[in-house]
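Lettering follows sequence order; numbering is per chain, from 1. Side chains included, hydrogens not; waters and symmetry mates left out as well; all remaining heavy atoms used.
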Number of protein chains: 2
Amino acid sequence: MASIKDIAKKAGVSISTVSYALNGSSKVTDETCARILAIAKELNYVPNAAARSLKKKESKIIGAFLPDFSGGFYGDLLQGMKGTLIQKGYDLVVCSGPQSHRLLAEKLFDGALILDHTFSDEQLLNFAELGHRLVVLDRELKHPNINHVLLDNKAGASLAMEYLIDLGHRKIYVVTGPEGSYDSKQRMAAVRQTVERNSDVECIEIPGDFNRTGGERAGKQIAAEFAGPVAVFCLNDEMAIGMYDYLSETDLEMGKDIHIIGFDNIELSEYIRPRLATIDYSKKKWGSLASEQLIKIIEGKPVENERIYVTLVKAESVKPVQSA
Amino acid sequence: MASIKDIAKKAGVSISTVSYALNGSSKVTDETCARILAIAKELNYVPNAAARSLKKKESKIIGAFLPDFSGGFYGDLLQGMKGTLIQKGYDLVVCSGPQSHRLLAEKLFDGALILDHTFSDEQLLNFAELGHRLVVLDRELKHPNINHVLLDNKAGASLAMEYLIDLGHRKIYVVTGPEGSYDSKQRMAAVRQTVERNSDVECIEIPGDFNRTGGERAGKQIAAEFAGPVAVFCLNDEMAIGMYDYLSETDLEMGKDIHIIGFDNIELSEYIRPRLATIDYSKKKWGSLASEQLIKIIEGKPVENERIYVTLVKAESVKPVQSA
DNA sequence: CATTCTGTTTGAATCGTTTCGACACCGGTT
DNA sequence: AACCGGTGTCGAAACGATTCAAACAGAATG
């Protein structure tokens with residue numbers, strides 16, 4: 001692979017001149033510049049990323065860290081990130097899993113967008129302390145090098161609960177996220193508040209995991225103790241889908257015996273029948289806002305923590321309770 | 001950020017000794033080694049990726065290039081890649097879009113997995129010529145630094161067509177992929193062969209794009225010229241979904257007036273109603289096989305091009321034609 | 001003709017690693 | 001006492017770029 005040195009030799013100039021020419025510095029004559037660029041093309045020259053970031057201490061690459069590559073949810077988010085980052089002159093790469101943590105540590109990126117519970121809070125604070133710039137989407141962290149962009153989880157959970165209650169439901173199962181999930185905690189807090197304000201509703205909490213299996217397990221439990229119509233608030237859509245999967249094998253009918261609402265409005269929710277009621281928000285905007293914040297931190301501009309607003313999506317998976 | 005130099009100073013040894021210690025070389029005394037490692041921990045030392053890859057000319061990172069981050073399809077594929085790569089000591093990062101081509105060019109990765117039509121064949125051959133190691137999943141390319149792992153498109157397309165024909169369908173629309181797509185070409189070749197073998201079937205080709213909008217457009221056309229039950233082979237599931245979206249707003253009934261089969265068996269296909277008939281294959285295996293091949297190329301081991309086998313998924317979106 | 005100025009080019013240092021060859025030390029042979 | 005092989009450590013060069021400060025040319029000035 002051709003290096004700056006090869007170009008210099010071929011052009012009969014010093015490597016510094018080549019570097020200046022390649023970077024469009026005004027110092028070098030138009031003529032020399034043109035000649036150098038021509039030779040660079042001819043040699044198929046491409047700057048070496050490692051060498052450049054070693055010297056400049058920047059790579060113009062942002063890393064997004066997700067727990068997995070599974071589709072539905074992250075597509076729009078990443079698209080939002082990508083869009084704004086490109087515009088700001090950065091590139092986006094996506095990493096997943098704890099093995100990839102090293103990529104963050106090794107300063108491969110100028111900053112990172114984190115929506116990944118496989119990082120602990122301490123780890124992230126530690127990284128920030130070492131000079132890494134981060135925006136977190138799944139927790140609150142106080143550090144000059146960290147900012148967060150969070151969903152309005154509480155509003156969403158309240159909307160969902162009130163929707164069920166308004167339609168007359170009084171026995172409501174809530175399937176939670178995994179232990180320690182910030183989103184789950186926030187949503188549960190709002191759930192409990194809402195329940196407290198409505199003394200006649202019975203709320204049964206079932207521990208979940210934000211995955212389909214958790215929804216299936218919860219569905220099994222609910223089916224087992226079934227004794228008349230109930231409502232279920234799955235703290236995310238994935239679990240709601242899991243519950244659908246399980247219930248479709250029973251003779252319990254969704255939207256009649258069991259009324260389900262989710263959270264996230266993933267793509268699948270729109271296609272399953274009955275269509276899943278859920279809480280919606282713009283994943284694209286979330287990604288793009290987070291990216292903007294990150295670039296601001298990198299460029300040393302002031303930032304404030306932002307919040308993503310949510311809306312209720314009514315659908316056939318939740319119907320009014322039949323007055324007996 | 002602490003560097004090897006800081007450790008050397010603090011330990012009172014040379015930087016080479018530190019480097020040897022950090023890399024577990026047997027040359028350095030256990031005692032010195034322990035001391036150095038302790039100091040490294042204490043200083044929160046993390047090796048600098050740029051410096052290391054500059055010197056070693058390897059990063060132990062593989063890049064996967066996809067046209068977009070949209071979910072359904074790529075999740076399993078990436079998981080398959082990730083799994084084998086990790087096992088071989090490599091990390092995976094995912095890139096998307098033409099802006100990211102530079103990441104490949106700049107030698108950030110030790111190799112790349114390509115399923116991305118935004119690269120042209122010439123580009124890829126050019127990269128290979130410059131020493132980049134590639135495995136392509138969406139075309140055939142002959143070069144010592146390139147290998148391909150392809151679907152058995154022809155078998156899949158034949159299976160789909162024969163399924164329709166066996167069930168009595170004689171008027172079959174085929175919605176193609178975009179101009180220039182290798183997969184589309186392959187599938188179409190098999191379609192035409194099958195049609196030739198069955199002189200009584202009428203086959204109407206509609207140009208598509210492998211996206212939902214293409215399926216919608218095709219659906220519109222088919223609905224407009226509707227004159228009795230027809231079958232449709234959408235060359236991928238995304239377009240089939242788009243067609244569902246459109247047709248659900250008409251009074252044409254799927255699995256009765258219009259019988260649809262897709263290709264890819266993406267997650268959504270399992271959830272839409274009627275369930276979409278389609279061609280299935282293991283995306284995970286595809287990813288893992290491609291990764292294995294790539295590592296072999298990198299390590300200079302011999303490789304042969306591989307093929308991924310496909311199977312037919314029968315489902316309610318295709319029913320036998322009613323004998324009048 | 002010497003001097004200053006402007007504009008272009010260059011040499012050298014640097015970023016953080018790895019790695020080769022040199023070297024000093026030590027116990028054990030001759 | 002001279003020699004040897006092995007072991008542990010070190011210095012220096014290298015990877016490919018950027019960038020500061022110095023050098024240099026040629027034109028313009030006095």
Q: Anything under 4.0 Å to a heavy atom of chain A counts; send over the first and last such nucleotide of DNA chain C, read 5' to 3'.
A: C:dT8 to C:dG16
Q: Please work out which residues in residues 4-21 of chain B have a non-hydrogen atom less than 4.0 Å from an atom of DNA chain C and list them by number.
A: B:Ile4, B:Lys5, B:Ile15, B:Ser16, B:Ser19, B:Tyr20
Q: Contact between A:Asp68 and B:Gln79 at the side-chain level, heavy atoms closer than 4.5 Å - yes or no?
A: no
Q: Could you pick out which residue, B:Leu54 or B:Cys33, lies toward the 5' side of DNA chain D when each is mapped onto its nearest nucleotide?
A: B:Cys33
Q: Taking any heavy-atom pair under 4.0 Å as a contact, classify B:Ser53: base, sugar-phosphate, or nothing.
A: nothing
Q: Check DNA chain D against residues 37-52 of chain B and give the residues with a non-hydrogen atom under 4.0 Å, in numerical order.
A: none
Q: Which ones in residues 55-63 of chain B lie close to DNA chain D, meaning a heavy atom under 4.0 Å from one of its atoms?
A: B:Lys55, B:Lys57
Q: Would you check if A:Ile61 and A:Val93 make a side-chain contact, meaning some heavy-atom pair closer than 4.5 Å?
A: yes
Q: Could you tell me how the ring of A:Phe119 sits relative to the ring of A:Phe65: parallel (under 30°), tilted (30 to 60°) or perpendicular (over 60°)?
A: perpendicular
Q: Return the set of residues passing side chain to side chain contact (heavy atoms under 4.5 Å, CB included) with A:Leu37 (not counting sequence neighbours), or none when no residue passes.
A: A:Leu22, A:Cys33
Q: Taking side chain as C-beta onward, heavy atoms only, is A:Val135 less than 4.5 Å from A:Leu113?
A: yes
Q: Check the pair B:Thr32 / B:Thr29 against side-chain hydrogen bond (donor to acceptor under 3.5 Å, both in side chains), numbers first and verdict last.
A: CA-CA 5 Å; B:Thr32 343; B:Thr29 331; 3.1 Å; yes
Q: Measure from CG on A:Leu22 to C1' on D:dT18 and round the result to the nearest Å.
A: 12 Å
Q: Given side chains that start at C-beta, do those of B:Glu306 and B:Gln293 come closer than 4.5 Å, heavy atoms only?
A: yes
Q: Is any side-chain heavy atom of A:Leu137 closer than 4.5 Å to a side-chain heavy atom of A:Met81?
A: yes
Q: Please answer whether the main-chain N or O of B:Gly180 pairs with a side-chain N or O of B:Ser184 as donor and acceptor at a distance below 3.5 Å.
A: no
Q: CD1 of B:Ile36 versus C1' of D:dC10: gap in Å, rounded?
A: 12 Å
Q: Is there side-chain contact between A:Ser53 and A:Glu58, with at least one heavy-atom pair below 4.5 Å?
A: no
Q: Mind checking what makes salt bridge (charged side-chain N to carboxylate O under 4.0 Å, His left out) contact with A:Arg102, not counting sequence neighbours?
A: A:Glu106, B:Asp91
Q: Determine, using ring centers only, whether A:Tyr309 and A:Tyr281 are less than 6.0 Å apart.
A: no
Q: Does the side chain of A:Ile39 reach to within under 4.5 Å of the side chain of A:Tyr45, using non-hydrogen atoms?
A: no
